[in-house]
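These notes concern the structure reproduced below.
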Protein chains: 2
Amino acid sequence: MTLEQGRIALDGASPTPLYLQLAESLRGMIRGGAVRVGEALPSERELSAMTSISRVTVRKAIDALLREGLLSRRPGSGTYVAIRIEQPASVLAGFSADMQSRGARPGSVWLEQRVDAPNAEEAAALNCAPGAAVVRMSRVRTADGEPLAIERAVVPATLLPPVGDIGDSLYEALNRRGNRPVRGVQRLQSSLATPQEAQLLDIPVGAAILRIERRSFLANGAPVELTRSAYRGDRYDFVTEVREAAYGG
Amino acid sequence: MTLEQGRIALDGASPTPLYLQLAESLRGMIRGGAVRVGEALPSERELSAMTSISRVTVRKAIDALLREGLLSRRPGSGTYVAIRIEQPASVLAGFSADMQSRGARPGSVWLEQRVDAPNAEEAAALNCAPGAAVVRMSRVRTADGEPLAIERAVVPATLLPPVGDIGDSLYEALNRRGNRPVRGVQRLQSSLATPQEAQLLDIPVGAAILRIERRSFLANGAPVELTRSAYRGDRYDFVTEVREAAYGG
DNA sequence: AAGTGGTCTAGACCACCTC
DNA sequence: AGGTGGTCTAGACCACTTG
């Protein structure tokens, strides 16, 4: 047995279910290195004895960590710390939240921020009149100070605070106005860096670029943004979870 | 109660666990319209009584359908058939189905197909013993006769028909054995074509390549495949839908 | 042969919503 | 107040791998 019982602190009186408390403890130990990658966890029966909670509940905690990709089970053998810890961040998040969930510090260098009229494609995508006002935002997005992506967003002006109050996180600004997108469609494409992109991202012309076009929508279906981004191919990967087609569809 | 007991056929002697049998029955009823969208399922205690299986096991079946997005639970109220979700191309489909949905004719040129032992990474990803048998499949995938991608799949041999009977669609072969993946995690990366890839895909060295690594899983969580693909960047884009974080587990 | 995860049962109590 | 899902227990048997 590799773990010391003292490290697992569970509170039966807490409103947090025991299995989530145990999952959190195990998560902390794995991240902290108390159990190394590839090593086995104590068996379910051992964990049950160590923590005085039933094996069914121990399994429920392990189930949660399995879905996070932190652990892997081998029947008849044991439960192991997964080799690759990948963060399935297929939830709808802006650049800032995405970077924070990856453990990097997000930043921005503004290229353009102004109110403008939409072109035909933008008006169609945002479902707004050709004469309506949109906010056009172009930035170099950085992670820990290094350029990672070029992001060009177009948003109906009515959904945002005044241009001066938008700050560095578009999604945060939308949230302040109660206009949080709940659904989005993204299109990903592999491409090569143009000379302009190469200069802004500090990479060679012709380097790999991951282009992402995102359209997102409010709960009532109204379009929120049309954003086109160009990510450095060598520094960024996109993780998504897919499920079986629900039905009919 | 909307369901008739007669519709749920469970076989205690079957090697398939009861909770998966029940999940399949419920899935069929929902797809067949026996319970309409927005309607409540019989309560867990009712299902338990109807099927003579314990409530814990009934919950486990419902858990699986929740993860597929087919059902939604409301504490204190009931379990409901989820509102129909608009499905983009981010559903879990193999190359053949993906191409057909895009209106192209899928094809294959085999590079390799054999039973082998997994390497360390594959054994970890597939949760199988180092000495287990896996089927290794490498193909150039074509759309309307044009090379579009190089696909290298590794699947536990136990999940597949004999190697000679696999045919050209991996997912179809898995389905024949009842091993349909219901969930997958994909990692996408932009990259450049290596000389070997360039030759196989008939593109210049250094052209844009979209690399996709997919791990997919059965309803019971068992890993099905580890597949690495290299798509022509100029011919393929990947569309995915993102939602606000919803289901908690 | 011993240990492991995989499955299953028959109960129980709680917080919440309203069938 | 009665029903619902949410949680939890203390056992049990199985198939499998091999600490």
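Just so it is clear, the model here is predicted, and its values are computed rather than measured. Each chain gets a letter, A, B and so on, in the order its sequence line appears, and its residues count up from 1.
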Please determine whether a side-chain nitrogen or oxygen atom of [X] lies at a distance below 4.0 Å from atom OP1 or OP2 of [N].
X	N	answer
B:S43	D:dT4	yes
A:R73	C:dG6	yes
A:T57	D:dT9	yes
B:K60	C:dT7	yes

With the criterion being N/O to N/O and under 3.5 Å, what pairs connect the protein with nucleotides 17-19 of chain C, and how long is each?
from: C:dC19; atom 1: O2; to: B:S77; atom 2: O; distance (Å): 3.0
from: C:dC19; atom 1: N4; to: B:G76; atom 2: O; distance (Å): 3.0

>> Does any part of the side chain of B:R102, heavy atoms only, come nearer than 4.5 Å to the side chain of B:D98, both counted from C-beta?
In response: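 Yes, their side chains come closer than 4.5 Å.
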Distance in angstrom units between [X] [atom1] and [N] [atom2], rounded:
X	N	atom1	atom2	answer
A:D11	D:dC8	CG	C1'	15 Å
A:I62	D:dC8	CD1	P	14 Å
B:E44	C:dG11	CD	C1'	15 Å
B:L10	C:dC8	CG	C1'	13 Å
A:L22	D:dT9	CG	P	11 Å
A:D63	C:dG6	CG	C1'	11 Å

> Counting side-chain heavy atoms from C-beta on, which of C:dA12, D:dT9, C:dT7 comes nearest to B:R55?
Replying inline: C:dA12
>> Once rounded to the nearest 0.5 Å, what's the spacing between atom CZ of B:R177 and atom OG1 of B:T158?
In response: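 B:R177 CZ to B:T158 OG1: 8.0 Å, rounded to 0.5 Å.
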>> Once rounded to the nearest 0.5 Å, what's the spacing between atom CD1 of B:I209 and atom CD of B:Q189?
In response: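 One gets 12.5 Å once the value is rounded to the nearest 0.5 Å.
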>> Tell me if the side-chain of A:R45 makes a donor-acceptor pair with the base of C:dG5, cut-off 3.5 Å, by modelled atom types.
In response: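 Present.
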> Is there a donor and acceptor pair closer than 3.5 Å between the side chain of A:R59 and the base of C:dG5?
Replying inline: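 Answer is no: no donor-acceptor pair is held.
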>> Under a 3.5 Å distance rule, please check whether B:S25 uses its side chain to pair with a backbone N or O of B:Q21 as donor and acceptor.
In response: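 Such a contact is found between B:S25 side chain and B:Q21 backbone.
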> Backbone N or O of B:L210 within a donor-acceptor pair of the B:S190 side chain at under 3.5 Å?
Replying inline: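 Absent.
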> Do other residues, nucleotides or ligands put more than 12 heavy atoms under 6.0 Å from B:Q196 CD?
Replying inline: no
>> Closest-nucleotide mapping onto DNA chain D: is B:A129 or B:V56 further toward the 5' terminus? I mean the 5' end.
In response: B:V56
>> So if I apply the side chain to side chain contact (heavy atoms under 4.5 Å, CB included) rule between A:L160 and each of A:V224, A:N179, A:V155, which one comes out positive?
In response: A:V155
> Can you name the closest pair of heavy atoms from B:P156 and B:P223 and give their distance?
Replying inline: CG-O, 4.2 Å
> Side chains of B:S108 and B:R141: is there a donor and an acceptor less than 3.5 Å apart?
Replying inline: yes
>> Under 4.0 Å, heavy atom to any atom of DNA chain C: which of residues 14-21 of chain B qualify?
In response: B:P17, B:L18, B:Y19
